[in-house]
Amino acid sequence: MTAVRTSSAELAIRMECLLGEGPRWDAGDGSLIFVDVIPGKLHRLRSGREAEPESSLVRTTQLDQPLGAANPVISGGLVLAMRDGIYLSDADGANLRLLAPVEVEDTSHRMNDAACDPQGRLWAGTMSFEAVPGAGTLYRIDPDGTVTAVLHDLTISNGLGWSPDGRRMYFIDSPTRRIDVLDFDAEDGTVHDRRCFLDVSDVAGVPDGLTMDTEGGIWVAFWGGAQVRRYRHDAVLTDIVQVPVPQPTACAFGGPDGQDLYITSARLGLDQSGLQAAELSGSLFACRSGYQGSAAQAFGTN
Ligand code: BGC
Ligand code: CA
């Protein structure tokens, strides 16, 4: 039996995100991007000196649509998974250019989590605002804007990650309470043989966002479970990070040495007493992970 290491995440910056999501370490300038999905806000946290007021450390751009996730682009700027498609923008979210329309007519649908594979293609999943079962799809968006629907009949398309050898893709559709794995063909960006990597229905809450460390460990945020868990590549649980709010949503490595684990969280669905009991809900948290992760894979080709 491997001993499970338990630690606690601490407040990194107080925020009141309704649906804080998608932390991504931007290696370009050493800042952390994250979003507030439903109100369509893009946040960028830069590291500051101690004397600086916290409020000056986060720069926020208000967009005109819900924003599932934002990722850096190799040639500069960001790729944004928005309600009606994929856009390119400047680093601060300004100067939007539509790259690829997605589910434009389905106004009851929105983008949820989106991440880049090691070859720089974007994978972006949709869901209905009301989480109607089976309404979601996972798409692959190539750097030239070609959109391919890859997985159908999803409900809450969520965490995405690739093994360090680039041969496996992990994927979570939250209500299944499973972490799935698929064989990944790096050459053409196709996936094969989706299967259950781990059934996590014994853990409180549902699995949401995920990120990978350099050893191939899988870090999963449990929405409703107030924790992030690390599973080894052979599915053995090794670490539990307790989060002081019930709804952590996603996590990512960052910081100067790539060992800080940043965790976003949500206020969505908490009633008055829930918010009183966990008033830091919606904030960004962090812990020293004891593991190494990489900065966000950027979109596009070198
Ligand atoms: C979705 C939420 C959902 C949560 C847990 C998030 O990624 O945006 O709508 O409640 O996952 O499944
Ligand atoms: Ca999510």
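Ligands are counted one by one from 1 in listed order, and the atoms in each one are counted from 1 as well.
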Q.
Strictly under 3.0 Å, how many protein N, O or S atoms lie near the Ca ion (ligand 2)? Waters don't count.
A.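 Protein heteroatoms (N, O, S) closer than 3.0 Å to the Ca ion (ligand 2) number 4.
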Q.
Quick check on side chain to side chain contact (heavy atoms under 4.5 Å, CB included): which of Ile156, Leu154, Thr155, Asp153 does Pro133 satisfy it with?
A.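 So the option named by the test is Thr155.
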**Q.** Member of Gln292, Gln259, Arg230, Arg232 meeting the side chain to side chain donor-acceptor pair (under 3.5 Å) criterion with Asp213
**A.**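 Testing Asp213 for a side chain to side chain donor-acceptor pair (under 3.5 Å) against Gln292, Gln259, Arg230, Arg232 leaves exactly one candidate, Arg230.
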Q) Can Thr190 and His192 be counted as having a side-chain donor-acceptor contact under 3.5 angstrom? A)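 Yes.
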Q | Test item: Asp165 side-chain N/O and Arg167 main-chain N/O as donor-acceptor pair under 3.5 Å | A |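 Between the backbone of Arg167 and the side chain of Asp165 there is a qualifying donor-acceptor contact (under 3.5 Å).
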Donor-acceptor pairs under 3.5 angstrom involving side-chain atoms of residues 73-81: please list them, not counting sequence neighbours.
none

(Q) Check for me whether the distance between the ring centres of Trp219 and Phe253 falls short of 6.0 Å. (A)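 Distance test on ring centres: under 6.0 Å, yes.
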Q. Between Phe285 and Tyr262, does the ring centre distance come in under 6.0 Å?
A.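 Between Tyr262 and Phe285, which both carry aromatic rings, the centre distance is not below 6.0 Å.
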Q: Mind jotting down which protein residues get a heavy-atom contact under 4.0 Å with ligand 1? Chain and number order, please.
A: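 Contacts of ligand 1 under 4.0 Å: Leu19, Glu21, Arg110, Asn112, Met127, Ile156, Asn158, Ser174, Val206, Asp208, Trp223.
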Q. So Ser31 and Arg44, side chain to side chain donor-acceptor pair (under 3.5 Å) or not? Walk me through it.
A. CA-CA 7 Å; Ser31 63; Arg44 188 184 285 269; 2.9 Å; yes
Q) Applying salt bridge (charged side-chain N to carboxylate O under 4.0 Å, His left out), which residue pairs with at least one partner in residues 118-127 are found, sequence neighbours left out? A)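 Matches after skipping sequence neighbours: Asp117-Arg121.
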